[in-house]
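Naming convention: chains lettered A, B, ... in sequence-line order (proteins, then strands); numbering from 1 in each chain. Model, not experiment: these values are computed from the prediction. Only this structure's heavy atoms are used, side chains among them; waters, hydrogens and symmetry mates stay out.
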Number of protein chains: 4
Amino acid sequence: MAINSVNVLFTHALADTALSAKQKEVLKASLVLFSEQGFDRTSTSDIAKKAGVSEGTVYKQFKTKEGILAAILKPFAQSVIPTAASEFVTMISSTSYPSLEEFLRHVVQNRMQFAKENKLQLKIFAQELLHNTELVQALEAEIKPKLIKQMGQVLEYYQKQGQLVAWPAVRIFRYVISVVFSYLVPYLLLELPLDVEEASQEAVEFLLGGLSPATK
Amino acid sequence: MAINSVNVLFTHALADTALSAKQKEVLKASLVLFSEQGFDRTSTSDIAKKAGVSEGTVYKQFKTKEGILAAILKPFAQSVIPTAASEFVTMISSTSYPSLEEFLRHVVQNRMQFAKENKLQLKIFAQELLHNTELVQALEAEIKPKLIKQMGQVLEYYQKQGQLVAWPAVRIFRYVISVVFSYLVPYLLLELPLDVEEASQEAVEFLLGGLSPATK
Amino acid sequence: MAINSVNVLFTHALADTALSAKQKEVLKASLVLFSEQGFDRTSTSDIAKKAGVSEGTVYKQFKTKEGILAAILKPFAQSVIPTAASEFVTMISSTSYPSLEEFLRHVVQNRMQFAKENKLQLKIFAQELLHNTELVQALEAEIKPKLIKQMGQVLEYYQKQGQLVAWPAVRIFRYVISVVFSYLVPYLLLELPLDVEEASQEAVEFLLGGLSPATK
Amino acid sequence: MAINSVNVLFTHALADTALSAKQKEVLKASLVLFSEQGFDRTSTSDIAKKAGVSEGTVYKQFKTKEGILAAILKPFAQSVIPTAASEFVTMISSTSYPSLEEFLRHVVQNRMQFAKENKLQLKIFAQELLHNTELVQALEAEIKPKLIKQMGQVLEYYQKQGQLVAWPAVRIFRYVISVVFSYLVPYLLLELPLDVEEASQEAVEFLLGGLSPATK
DNA sequence: TATGAATGAGAGTTCATTCAT
DNA sequence: TATGAATGAACTCTCATTCAT
């Protein structure tokens with residue numbers, strides 16, 4: 001009964017086939033419908049209708065309805081996970097170690113921008129996370145070590161410099177992520193506008209206050 | 001196609017009927033199944049089986065499957081909404097205006113405790129919020145004015161005292177709420193343990209840093 | 001699947017028990033609901049509600065829903081069938097053989113009056129006849145011989161007197177009955193008023209014209 | 001609770017789609033089952049079984065069980081209503097005004113023939129009329145004005161010629177229709193044979209007697 | 001006796017999926 | 001390749017009937 005969402009993300013990968021125009025329509029229609037109504041409340045007939053193709057065509061490329069979900073979430077998940085971590089490393093090593101403020105601003109702004117560009121995927125992903133404990137655990141197992149390992153040294157650098165409070169990496173991530181989400185949630189759920197520049201400015205202002213060792 | 005969850009919460013009130021033992025079993029089974037699998041992936045036959053009753057019994061009290069959802073979420077929503085706001089007022093007026101730290105600790109701890117006691121309802125509620133834009137808007141319209149009006153004066157008090165940064169109330173709420181959630185999410189989704197005492201201590205420590213005017 | 005309506009009328013007879021006040025309410029409610037919505041579209045819960053009793057009570061006297069139908073139709077059918085026939089005999093033998101016109105007027109008026117007094121039963125009966133060929137056949141087998149036998153001599157009397165065309169009894173009955181129904185149908189289905197006096201006057205006027213041998 | 005049969009007849013028109021062979025089987029099976037057992041006592045599973053298709057197929061073309069009823073009754077109702085009226089007009093104007101006898105014989109014979117060819121539809125229609133006051137009223141509003149207007153002049157013609165008694169049109173229709181039905185009812189309900197030629201001959205003989213002014 | 005909670009079979013309907021065309 | 005008719009299992013819900021209280 002429950003959807004096997006771990007498979008959805010990690011095995012049913014959409015063969016990197018070049019999709020035909022109709023297949024792309026199917027994907028676009030599904031993206032909109034899943035994000036608006038949820039996966040379960042969207043029928044394959046709804047998708048076919050919105051995509052302007054027959055039901056048979058929906059099944060040509062994506063063997064099952066879950067296959068469509070996979071085709072949507074797979075590239076999304078792959079962008080969230082490794083990028084988030086490796087990007088920082090690249091940044092750190094390629095630049096001359098900017099200040100914590102510059103670092104946070106870059107990270108926060110970058111993730112907000114990503115969320116804005118993947119709004120619908122993010123909503124679908126969140127829905128999936130909520131009914132699927134397994135998927136959450138698989139994701140955690142995937143992301144956490146990478147993040148900790150790769151970011152650990154960056155945080156340590158700022159901690160040694162006295163710019164960052166000496167909390168464990170997990171605790172620091174927790175706050176950064178949650179503050180980023182505090183700006184995304186109204187944007188995602190209430191369809192309010194999001195000015196990434198301004199929002200990340202504000203977020204960093206608050207984060208710096210909370211994460212700076214000076215005040216402790 | 002979409003569930004009319006606004007009605008679910010605000011009109012279909014479960015008559016405060018004393019429920020029979022079997023009806024309570026139905027509610028308990030539904031609570032667990034909805035929170036684990038989601039509303040749509042739970043069939044009334046699943047509920048009947050888990051509750052140890054016939055399918056007919058499921059429908060005797062709760063006229064529809066949505067009716068069961070309503071019976072679960074109604075009391076929950078009613079606890080979240082007015083309590084959150086009125087509680088602060090009560091606290092403020094009944095006590096001798098404690099420090100911002102004490103105030104935050106009380107609020108944070110209280111809400112975490114509530115979330116812990118209503119874990120399953122909270123998951124179901126979150127799922128519903130994600131596919132139901134209407135519901136989100138109705139909730140926002142309901143909560144926001146109450147919160148702003150009742151809390152505005154409290155925040156102002158701390159701001160005048162120089163304990164709280166001079167940001168708009170909405171911005172301050174945003175951070176408090178998101179930091180509380182940063183502790184709840186792993187508890188809700190990964191089934192990790194939650195030590196409310198410790199978590200609220202940590203959360204407040206961070207919040208005070210970010211919200212204190214001294215560092216600006 | 002089909003209701004065993006032959007049994008309904010001829011075997012499940014309602015024991016001639018004196019009905020309690022509640023049982024009478026059940027019967028009254030059923031009469032109204034069956035005639036308005038049809039037997040199948042009326043639930044026993046509807047009946048209980050309208051009668052102001054519990055569902056259990058509905059089943060105390062009438063073992064099944066069909067039993068209620070039987071309790072309604074049995075006395076009705078028994079009034080239609082033997083009365084129709086025996087009444088004429090009584091009339092003929094007790095009076096001094098009136099004219100055909102007087103005879104027809106009496107018969108037509110009497111049956112219209114009966115229909116008016118049993119409007120609801122008649123509608124229910126008609127509904128039952130339409131889905132139940134068996135019942136129709138049983139009724140025909142019951143009524144036809146009686147009618148022919150008992151009425152045959154009466155008609156013959158008028159035929160010998162030259163007041164009535166020399167058609168077979170069945171043909172004559174056919175016209176009399178259908179003309180009576182031509183006045184009943186609008187009353188039953190369109191809820192139009194029915195002035196029995198006037199209607200029977202009109203009906204007899206037409207029937208006499210059609211049945212008089214003079215014009216042939 | 002009551003079926004919305006007015007809509008069934010006047011709006012839900014079955015798109016004049018060419019039906020597939022299976023869809024026609026569904027319609028044929030429904031026609032037989034509805035006429036034998038009644039709409040309510042026929043399940044969609046019965047229909048599927050008799051038609052030799054899956055239950056899903058029953059719903060592919062006809063969105064609901066009522067949709068099947070509509071697909072059966074719509075063309076029937078449309079044939080009864082305008083034809084009945086317009087045909088006479090056509091006949092009168094195209095021929096050299098035949099005698100009343102010829103006119104009645106044509107009308108009676110034509111309607112009996114139609115009933116014979118649409119026996120099952122007629123039974124279903126009659127069942128529907130009996131539980132549906134609304135439908136009856138809608139039909140009356142539809143038919144009566146047409147009939148009166150178009151037939152009024154025809155009757156007047158015969159009345160002026162002294163072939164027809166000077167009764168109102170409604171009264172004359174009443175008798176014609178009821179005499180036609182007097183031959184149809186045994187055919188419909190008792191499955192007796194119907195010789196249209198002979199029956200219409202007999203019917204007209206009686207009608208002429210009753211409707212001729214000579215004897216009044 | 002009267003109640004109404006409980007039952008469970010079966011109703012109408014939907015929908016992911018298949019496959020002949 | 002693309003279609004959409006066809007499938008049938010599973011779903012939500014109803015209801016005649018029973019029975020402990």
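At the phosphate of E/dA16, OP1 or OP2 sits under 4.0 Å from a side-chain N or O atom of A/K65. Regarding contacts with the backbone of E/dT3, a side-chain N or O of C/T57 is found under 4.0 angstrom from either OP1 or OP2. Phosphate proximity of E/dA6 to B/S20: present, with a side-chain N or O under 4.0 Å from OP1 or OP2. One finds no side-chain N or O of C/S54 lying less than 4.0 angstrom from the OP1 or OP2 phosphate oxygen of E/dG4.
Protein atom CD of B/Q61 is 16 Å distant from nucleotide atom C1' of E/dT7, rounded to whole Å. Computed from coordinates, the C/Y59 OH to E/dA2 P distance equals 17 Å when rounded to whole Å. Protein atom CZ of D/R41 is 18 Å distant from nucleotide atom C1' of E/dG12, rounded to whole Å. A straight line from NZ of B/K22 to C1' of F/dA20 spans 11 Å, rounded to a whole angstrom. Distance A/I68 CD1 to E/dC15 P: 14 Å, rounded to the nearest Å. Whole-Å rounding puts the A/K49 NZ to E/dT14 C1' distance at 12 Å. Between D/E66 atom CD and E/dT13 atom P there is a gap of 8 Å when expressed in whole angstrom units. Atom P of nucleotide E/dT7 and atom CD of B/E25 are separated by 12 Å, given to the nearest angstrom.
Between the side chain of C/K65 and the main chain of C/F39, a donor-acceptor pair closer than 3.5 Å is present. At distances below 3.5 Å, not a single donor-acceptor pair connects side-chain atoms of C/E55 with backbone N or O atoms of C/A48.
Of the listed nucleotides (E/dG12, E/dT7, F/dT12), E/dG12 has the atom at the smallest distance from the side chain of D/S43. Here F/dA6 is the nucleotide among F/dA6, F/dT17, E/dT3 with the atom lying nearest to any side-chain atom of D/Q23.
Across all strands, D/V58 comes closer than 4.0 Å to no nucleic acid atom at all (heavy-atom distances).
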Derivation and outcome, side chain to side chain contact (heavy atoms under 4.5 Å, CB included), residues B/D46 and B/Q37: CA-CA 11 Å; B/D46 290 343; B/Q37 316 178 345; 4.0 Å; yes
Evaluation steps, side chain to side chain contact (heavy atoms under 4.5 Å, CB included), between A/H131 and A/D40: CA-CA 11 Å; A/H131 348 261; A/D40 295 297; 4.2 Å; yes
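Each of A/I68, A/L73, A/L120 was scored for a side-chain contact (heavy atoms from CB on, under 4.5 Å) with A/F34, with one residue passing: A/I68.
Annotation: salt bridge (Lys or Arg N to Asp or Glu O under 4.0 Å) contacts involving residues 25-34 of chain B, sequence neighbours excluded, comprise B/E25-B/K28.
Both key distances under 3.5 Å define a Watson-Crick or G-U pair, and stretches of 3 or more such consecutive pairs in DNA chain E run E:2-21 with F:2-21.
The nearest heavy atom of DNA chain F to B/E55 and to C/T44 marks one nucleotide each, and the one closer to the 5' end goes with B/E55.
Legend: residues meeting side-chain hydrogen bond (donor to acceptor under 3.5 Å, both in side chains) with D/T57, ordered by chain and number and at least two apart, are D/S54.
The base of E/dA6 is paired with the side chain of B/K60 by a donor and an acceptor separated by under 3.5 Å.
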